[in-house]
Amino acid sequence: MADYLELVGGELRQLEQNKTFKYEVPLQSAQDGVVEVRGRNVVMLASNNYLGLSNHPEVRKAAIRGIKEYGYGVASVRFICGTQDIHFSLEKKISKFLGTEDTILFSSCWAANEAFFASLTNEKLGMETYRDVIYSDRLNHASIIDGQRLCRAETTDRKIYGHADVDDLVRQLEEDRAKEYRLRIIATDGVFSMEGDLAPLDRLVEVAGRYGAILFVDDSHGVGVCGKSGRGTPEAKGVHGKIDVLTGTLGKAIGGAAGGYISGRKELIAYLRQKARTYIFSNSLPPAIVYGASAAIDLLMKDRSLVRTLKNNTAYFREEIVRLGYTILEGEHPIVPVMLGEASVAQDMSGALLKAGVYIKGLWYPVVPKGEARLRAQISAALKRKHIDRALEAFEKVGRSMNVLGHRGVT
Ligand SMILES: *Cc1c(COP(=O)(O)O)cnc(C)c1O
């Protein structure tokens, strides 16, 4: 018999030694363009608060109204007594925004992704014998991977294709063409969070159509961010309204509190209300969040200035950080990976930047490949030009003192 506390203690020491221990720095303020850390104001470059709605006056007001009109919580799952009319209203609003037929809310996008795959593949649906297959992008989010892990191996084949590699996907679909699969599902992130790159959704829509596959896209980092009106990666790639199954979070651009959804054909959504285990056996979203998310989408639909500010801020930061002599990954997304190479450089630099008034996180092996350690900047519409300039000054000062400037470029 082993002592479990000794086992977990050993693992914790290992994480510290490998420099993969995740430290939490408490904010002493609301999430915003500038936050308070250890009694000091610092520029936030690490949040998913892309549109700056986490602490937006309209969203705050709506959330408070939610509590006033509908209370703090419903103390129930949806189908027993946890559905309020505002849940259906928000679902309708999301469908309208995304150009889909219907939407089902979850407590998180994690819960949505965990529900989707098994709800379809583990059910016979009138067929005594069957096999399904899922093709998944190599860099898909952990929640997509875990969602697929719930699929029974006896009835589901799970395959991985190279990151954003449509040719590799087609090769595998072609290889499986003669197999009598019941369902073929292609699963991808809309935006990949380590690189800030967009999935080739235009090509994936075409390929899914050609092979009769269901295209599943988790657009958590895309919704509210990508496309002219913030409708997400499908809009940016010219395939708005053409994705079979769209999931996403309300915990990033769309208010930043919590909640997730699956959006798609009405038959599928009706089916998921009957079968999705994280929907049926888990509490419905509280009114404050429902109203807050709803206000966030209203703001987005009312005018495009939030999305425009985000895009302008992103373009400005990308241009200026390269001018300073940093190397970034090319793109347009507010996720801007600043490439540093060695893990120790990224570690030291994120610490030095916090001291210099910038909150930013580093990523290194095993989260990204060895030698590709980076700082991941995330730009927000909450940032004023002066805040971005303050961050850039800190980047210049710290970069100079650590001697990492001068490898100017975009890769
Ligand atoms: C953030 C994220 C999630 C998790 O969303 P929650 O609503 O916080 O559970 C799921 N998928 C992707 C791609 C994400 O980026």
Side-chain angles (χ1 to χ4, degrees), residues 22 24 31 46-51 53-54 87 90-91 94 98 103-118 134 136-150 160 163-164 185-201 204 215-226 230 232-234 236-237 243 245-264 276-279 282-286 288-290 292-294 296-297 331 333-337 361 363 367-368 376-380:
K22 295 180 274 298
E24 297 178 10
Q31 186 64 269
S47 88
N48 303 311
N49 180 26
Y50 294 118
L51 296 174
L53 298 181
S54 297
H87 289 109
L90 177 57
E91 287 169 343
I94 293 173
L98 298 177
T103 297
I104 173 174
L105 289 170
F106 289 84
S107 56
S108 67
C109 186
W110 189 287
N113 289 347
E114 195 156 297
F116 173 72
F117 298 97
I134 305 172
S136 193
D137 187 291
R138 188 173 59 79
L139 292 190
N140 274 346
H141 189 263
S143 58
I144 304 178
I145 297 168
D146 276 24
Q148 294 174 18
R149 283 185 180 151
L150 295 173
I160 309 281
H163 172 52
I185 304 172
I186 299 168
T188 183
D189 276 24
V191 176
F192 294 87
S193 62
M194 299 298 147
E195 321 268 318
D197 60 325
L198 276 58
L201 293 188
L204 289 175
L215 180 57
F216 165 101
V217 177
D218 173 351
D219 209 21
S220 286
H221 281 283
V223 68
V225 174
C226 297
T233 316
K237 292 289 180 182
I243 309 298
V245 184
L246 260 177
T247 72
T249 186
L250 306 173
K252 292 187 170 109
I254 312 298
Y261 57 82
I262 302 179
S263 205
R277 294 169 67 80
T278 53
Y279 179 84
S282 185
N283 248 22
S284 40
L285 277 183
I289 290 179
V290 174
S294 183
I297 297 173
H333 196 273
I335 292 173
V336 186
K361 282 284 181 182
L363 305 171
V367 179
V368 295
R376 180 178 62 175
Q378 288 175 279
I379 304 304
S380 168

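As a basis for the values below, the full set of heavy atoms in this structure was taken, side chains included, without hydrogen atoms, waters or symmetry mates. Since we're looking at a predicted model, the values are computed, not measured. If you read the sequence from its start, that first residue is 1, and numbering goes on from there. Counting convention: from 1, in listed order, for ligands and their atoms alike.
Of the N or O atoms in D189, none lie within a sub-3.5 Å distance of an N or O in ligand 1. At least one N/O-N/O distance between C109 and ligand 1 falls below 3.5 Å.
For R277, the salt bridge (Lys or Arg N to Asp or Glu O under 4.0 Å) criterion is met by no residue, not counting sequence neighbours.
Taking the six-membered ring for Trp, F192 and H333 have ring centres at least 6.0 Å apart.
Without hydrogens or angle criteria, S380 side chain to N49 main chain gives a donor-acceptor distance under 3.5 Å.
Contacts between S143 and ligand 1, counted as non-hydrogen atom pairs separated by less than 4.0 Å, involve the side chain only.
Heavy-atom minimum distance, Q31 versus S54: O-CB, 3.8 Å. Scanning both residues, I144 and A187, for their nearest heavy atoms gives CG2-CB, 4.2 Å.
Under a 4.0 Å criterion applied to the non-hydrogen atoms of H221, ligand 1 contributes the atoms 15 (O). The contact set between ligand 1 and G259, taken as ligand atoms under 4.0 Å from a residue heavy atom, comprises 7 (O).
Of all protein heavy atoms, the one lying nearest to atom 8 (O) of ligand 1 is T249 OG1, 4.0 Å. For atom 11 (N) of ligand 1, the closest non-hydrogen atom of the protein is D218 OD2, 2.6 Å. Among all non-hydrogen protein atoms, the one lying nearest atom 3 (C) of ligand 1 is H141 CE1, 3.5 Å. Of the protein's non-hydrogen atoms, the one nearest atom 9 (O) of ligand 1 is W110 N, 2.9 Å. Scanning the protein heavy atoms around atom 2 (C) of ligand 1, the nearest turns out to be K252 NZ, 2.5 Å.
Taking the six-membered ring where tryptophan is involved, the planes of W110 and H141 are perpendicular, since the angle between them exceeds 60° and thus also 30°.
Legend: side chain to side chain donor-acceptor pair (under 3.5 Å) pairs involving residues 247-263, not counting sequence neighbours, sorted by first then second residue: T100-S263, T103-S263, N113-T247.
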